[in-house]
Colleague: 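The structure follows.
Atoms within a ligand are numbered from 1 in the order they appear, just like the ligands themselves. These numbers come from the heavy atoms of this one structure, side chains and all, not from hydrogens, waters or symmetry mates.
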Amino acid sequence: MRRILIDADTGIDDSIAILYALTSPNLRVEGITTCFGNSSAAQSTDNCLRLIRLSNCGYEVPVVTGAEHTLDGAIETAPVHIHGENGIGNVILPESSQKPLDMDAADFIIRKAEELDGELIIVTTGRLTNLAEALQKDPALPKKVKRVVTMGGCMEAPGNVTPVAEANIYGDARAADIVFRAGFHMILVGLDVTAKTFITEKDLDGAERYCSEKSRGAVAYIREALKLYFEFHRLTQGMVHRSFVHDPLALLIAEDASLGEYKMLRAGVEYQAPAFRGMILTDNRFQSELDHDEIAVCVRVDSDKAIRRLFSVFH
Ligand code: BDR
Ligand code: CA
C-alpha cells in the first residue's frame with residue numbers, strides 16, 4: 001500500500017487521477033492540497049470534496065486549499081474551453097458535506113511528511129507552488145518523504161503552452177525550479193509520455209460495461225467530463241474521440257514505477273528569460289553514479305498497460 005498526498009489543480013484529467021487514487025486498493029490518499037491552474041484553488045478544493053463523495057472510498061481524505069497565485073503573485077488560470085467553467089468539464093457533481101481543513105497547504109504537506117516518517121509519496125498534478133512553499137518553510141522536506149512524482153514538463157516533445165514549456169511547469173516556473181533543485185527523489189512524468197498515452201471512447205465503453213456498482217457514478221462522471229476534454233483535443237490536435245492522459249499517468253507511475261523507463265538527469269527550470277519560461281534545463285556534465293540530486297525523467301511508458309490498469313480499478 002502506497003501512502004500518497006495529491007497536490008492538484010483539479011481539472012478534468014486531475015479528477016480522473018484523483019478518482020483512480022481513491023479507488024485503487026494499492027493507494028491510500030492521505031490528503032489533497034489544491035492549487036490555482038485549471039481553475040482557482042478554491043474551485044479545485046470544491047471539486048475534490050465532491051469527487052471524494054463520488055468515489056465511495058470509505059475513508060476520510062482531508063483537503064486543504066493552497067496557492068491562488070504563483071510564488072511571485074501572478075494569477076493565471078487555464079482558458080475555460082479546456083476544463084470548463086468549474087474545472088471539471090461543467091459537470092455538476094452532488095455537493096459534499098465535508099469541509100476543507102482550515103490550514104496552510106504547505107504546513108499540511110510538512111505535517112503529513114513528518115507523520116508518515118519517510119513513507120509519504122507526493123504526487124503533483126498542477127503547479128509546484130505549494131511544494132515550493134513547503135520547501136521554503138522546511139528545506140529538510142526532501143529527506144522526509146519517499147518520493148515526489150510530478151506530472152509536468154517536456155524534454156523532446158513540444159510544449160503545450162509555448163514550444164518549449166508545459167503548463168504545470170510554465171504556470172509557476174520559479175516554484176518548479178526550486179522543487180527540481182531541492183534534492184527530492186523525483187520522477188517527472190511529462191508530455192514525452194503523457195502525450196503518447198490516450199483514453200478513447202472505446203475505453204469508456206469498456207469501463208461502463210464492466211464497472212462495479214460502487215464505481216458506476218465515478219465512471220459515468222468520467223465519461224461526461226471527458227466530452228469537453230475530447231472536444232478540446234479535437235480542436236487543438238485533430239484527435240477524434242480521444243484525449244491525452246496527463247495526470248492519471250503520474251498516479252499510475254506513483255503506484256507502480258515499473259510502468260515506465262527513466263533517464264536520470266540533473267535539471268532546473270528557466271524562469272527569467274520570457275521566451276524560455278518553463279523550459280527544463282539539464283546539466284549533461286553530471287554523472288549519475290557519482291552525483292546526487294538527479295531527477296528520473298520518464299522517457300517511455302507502457303501505455304496499453306497503463307490504460308488497462310487505469311480502468312481496472314473501477315471493475
Ligand atoms: C497539465 O496541464 C493541465 O491542464 C492538466 O491538468 C495537466 O496537469 C498538462 O500539461
Ligand atoms: Ca492538472
Colleague: With a 4.0 Å cut-off on N to O distance, would you call R223 and D203 a salt bridge?
Modeller: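 Salt bridge: no.
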Colleague: Check K263 with E156, please: is the shortest side-chain N to carboxylate O separation under 4.0 Å?
Modeller: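 Looking at E156 and K263, the cut-off is not met.
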Colleague: Would you say the ring centroid of F36 lies under 6.0 angstrom from that of H69?
Modeller: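 Judged by ring-centre distance (under 6.0 Å), F36 and H69 do not meet the cut-off.
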Colleague: Taking 3.0 Å as the limit, list every protein N, O or S atom around the Ca ion (ligand 2), by chain and residue number.
Modeller: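 Less than 3.0 Å away from the Ca ion (ligand 2) sit D9 OD1, D14 OD1, D14 OD2, T125 O, D247 OD2.
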Colleague: Pick one: which of E119, E114, E115 meets salt bridge (charged side-chain N to carboxylate O under 4.0 Å, His left out) with K144?
Modeller: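 Of all the options given, the one that passes is E114.
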Colleague: If you count heavy atoms of other groups shown closer than 6.0 angstrom to CD of E201, is the number above 12?
Modeller: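 Atom CD in E201 is packed in, count exceeds 12.
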Colleague: Less than 4.0 Å between a side-chain N and a carboxylate O, is that true for D177 and R181?
Modeller: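 Looking at R181 and D177, the cut-off is met.
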Colleague: Salt bridge or not for D46 and R50, using N-O below 4.0 Å?
Modeller: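 A salt bridge is present here (some side-chain N lies under 4.0 Å from a carboxylate O).
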Colleague: Where do T33 and D7 land on the side-chain hydrogen bond (donor to acceptor under 3.5 Å, both in side chains) test, with the steps shown first?
Modeller: CA-CA 5 Å; T33 49; D7 186 85; 2.4 Å; yes
Colleague: Under a strict 4.0 Å criterion on non-hydrogen atoms, which protein residues are in contact with ligand 1?
Modeller: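 Protein residues near ligand 1 are D13, D14, N38, H83, T125, M151, N160, E166, A167, N168, H246, D247.
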Colleague: Is it true that T124 and T150 share a donor-acceptor pair across their side chains at a distance under 3.5 Å?
Modeller: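 Looking only at side-chain atoms, T124 and T150 do form a donor-acceptor pair, the distance falling under 3.5 Å.
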